[in-house]
Amino acid sequence: MAGEDLPLCTSCNNEELWLADRSVDSNEFYVDKYSDASAGWVVTASILIFFMKAGFLFVEDAFVAEPSQRRRVIISKYLDTCTSALAFWLFGYAISLGFHPAVFHESHDYIFWFFRFTFASNTATIIGGTLIGENRNMKLLAVFIYALTISSVIHPFAARQMWSKVGILSVYKFCNGTVGIKNGQLAVQNHLMSPPSSLFVLDFAGSGTVHLLGGMGGLLLSIFFKIEEYWDNHDTKRVLKTEDKARSDAIPYARVGDDDRADADTAAMEMDMGEQPQTPKNFWKWMYHVGPEHIEYAALGVFILWTTWFAFNCGSMESISSGKQLHNSYSFKIYHAITGRIALNMVVCAGSGGLMAIIVAGFVQLITDADSINTNEIANGILSCLVAITGCCAFVTPWVSFAIGLVAVWFYHLGCYIEYKLDLKDTARVVPVHAWSGMLGLLAGAFAEKSYLLEVYENVCSCQELNLSNMEFNIGVSLAHQLLGALFIIAWS
């Protein structure tokens, strides 16, 4: 490779340098950003992130009882996984990094492609729990369409704005220089970038780019179902009125018992046409209703998700190496210490929020005189905490993580209350868990520690340094920026 001029790296959102090599048996050219240790770390994390689909499958399967509906959940998971794989390969990866043309950009950084694919695919998977077990399930064609659009365009474009060096809201646009290999030697190309403002949004592992985006997709499905249900009920009433009129015209003198039979026929028709039972007037009874769900499946799904979520967040550091070499200089940076802080914040957040969810569930059992505690709501409370800490896990203190866990549970209940008042169908509580908690995760980024923030992004970015050290960090301004990022995700969804 000596004597060849290799292009300097054009991405600015990973580790310390790009490594290049040529296949012995072919002319295929490989470009990689990772050291051997970090490459193994990212691949392992990506495999575990992909396994999150098993957790989502068990959680969703817990809410259905009919074997046909359970088969539909499994088929939907197969379909959205396979569709998202091809969609991200053909279109999504190129769009997410700002490549041109944005069609079938053949990545030579296979590890990074795999890592980014798992995020796009899980974004598409989140939506599946919205309408499971209802009398009107999504058709498989609809599953194919939403998986295709989310993995090829919707998530990649949001990731481009939040995580790439060309993104309007990305912190990586403040890079001073990129590192590459030239004539077999490490080289730094300084290209001072002058963004129009100091605007950037912190979303470390995807509270907004993955979870808020997927949750908003679930909200749109619930709204579409509500509109369709309204028109179906309207048509049902019109048909019943027409049949009643025809019956009265055909039989001018009703015999004894005809009214009873007519009422029975009307009730049966309403049942067949999709008339739903009335929503309980008490919110707590509605939310914490103990039904025939498979609670052991939900618990297994939550523990699978809880375990693989560590890979989701810790893997987003994309390095466990302890050193960084730049322009013939070597500085000691403890990457794995940041990874440890991420894990600590996740444990504290889920622990505080999980205890709050258990206390609330026990209190609701007392006031509603229920036979048992609804454990599925405890599970969703824990998942809400994990969603909320995802966007800021690398640069907040454990005490902030503790507070985020407590607030996330109440954000989840707020989302459920709004669904209750609007009578929206959301079987697995996708919108409260992912959309509302994802929004909280973005807003919590305003409470980042400046020293942690500089440490994280100077290490993750494959740049000489970041132009963040001279910036003033004001909580009010940061909160406004984070809110703007949340609004962008909502609008784009």
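The structure displayed is predicted, hence computed values, not measured ones. Every heavy atom of this structure was used, including side-chain atoms; hydrogens, water molecules and symmetry mates were not.
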Problem - Worked verdict on H434 versus M216 for side-chain contact (heavy atoms from CB on, under 4.5 Å) - result: CA-CA 8 Å; H434 296 279; M216 289 304 300; over 6 Å; no

Examine distances only and state if a side-chain atom of [X] and a backbone atom of [Y] form a donor-acceptor pair shorter than 3.5 Å.
X	Y	value
S222	K425	yes
S478	A446	no
S352	F402	yes
D61	L57	no
D426	G218	no
Q161	I168	yes
S151	L148	no
S152	F91	no
S96	R160	no
R341	A394	yes

Quick one, [X] and [Y] - any side-chain contact, counting heavy atoms below 4.5 Å?
X	Y	result
V360	Y288	yes
M287	E377	yes
C349	L386	no
N374	I378	no
F115	S316	yes
L305	V59	yes
I150	P156	no
R70	H294	yes

Exercise for the section: Kindly determine whether F63 and N376 satisfy side-chain contact (heavy atoms from CB on, under 4.5 Å), including the steps that lead there. Expected result: CA-CA 9 Å; F63 288 91; N376 284 354; 4.0 Å; yes

Between atom [atom1] of [X] and atom [atom2] of [Y], what is the distance when rounded to the nearest 0.5 Å?
X	Y	atom1	atom2	result
H155	F117	NE2	CZ	11.0 Å
L440	F411	CG	CZ	5.0 Å
L79	I74	CG	CD1	13.5 Å
I338	I320	CD1	CD1	13.0 Å
N313	I342	CG	CD1	7.0 Å
M439	I490	CE	CD1	3.5 Å

For [X] and [Y], which I'm curious about, is there any donor-acceptor pair between the side chains at under 3.5 Å?
X	Y	answer
S121	K53	yes
D203	T209	yes
S384	W436	no

Exercise: identify the closest heavy-atom pair between [X] and [Y]:
X	Y	answer
C385	G354	SG-N, 4.3 Å
G208	L442	CA-CD1, 3.8 Å
L344	P398	CD2-CG, 3.7 Å
A147	A124	CA-CB, 4.1 Å
I126	V210	CD1-O, 3.9 Å
C392	A388	SG-O, 4.1 Å

Practice task
Measure from NZ or CZ of R429 to the centre of the six-membered ring of W286 and say whether it is under 6.0 Å with the direction within 45° of the ring axis.
Solution key: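 Flagged: R429 positioned over aromatic ring of W286.
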
Parallel under 30°, tilted from 30 to 60°, perpendicular over 60°: which one fits the rings of [X] and [Y]?
X	Y	answer
F112	Y93	perpendicular
W410	H413	tilted
F119	W163	perpendicular
F395	F204	perpendicular
W306	F303	parallel
Y420	Y417	tilted

Practice task
Apply side-chain contact (heavy atoms from CB on, under 4.5 Å) to I389 and V348, showing your working.
Solution key: CA-CA 10 Å; I389 196 62; V348 171; over 6 Å; no

Exercise for the section: Could you walk me through whether W309 and T390 pass the side chain to side chain donor-acceptor pair (under 3.5 Å) test, one step at a time? Expected result: CA-CA 9 Å; W309 220 298; T390 295; 2.9 Å; yes

Exercise for the section: Give the intermediate values and the outcome of side-chain contact (heavy atoms from CB on, under 4.5 Å) for residues I75 and L140. Expected result: CA-CA 8 Å; I75 293 172; L140 294 180; 3.8 Å; yes

Problem - Option among F88, F144, Y78 that satisfies the side-chain contact (heavy atoms from CB on, under 4.5 Å) test with T83 - result: F144

Problem - Flag if over 12 foreign heavy atoms under 6.0 Å of CZ, F310 - result: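 Above 12, so yes.
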
Completion exercise
The side-chain hydrogen bond (donor to acceptor under 3.5 Å, both in side chains) partners of S401 (sequence neighbours excluded) come to N345

Problem - Set of residues satisfying side-chain hydrogen bond (donor to acceptor under 3.5 Å, both in side chains) with respect to Q482, sequence neighbours excluded - result: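 So Q482 forms no side-chain hydrogen bond (donor to acceptor under 3.5 Å, both in side chains) with any residue.
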
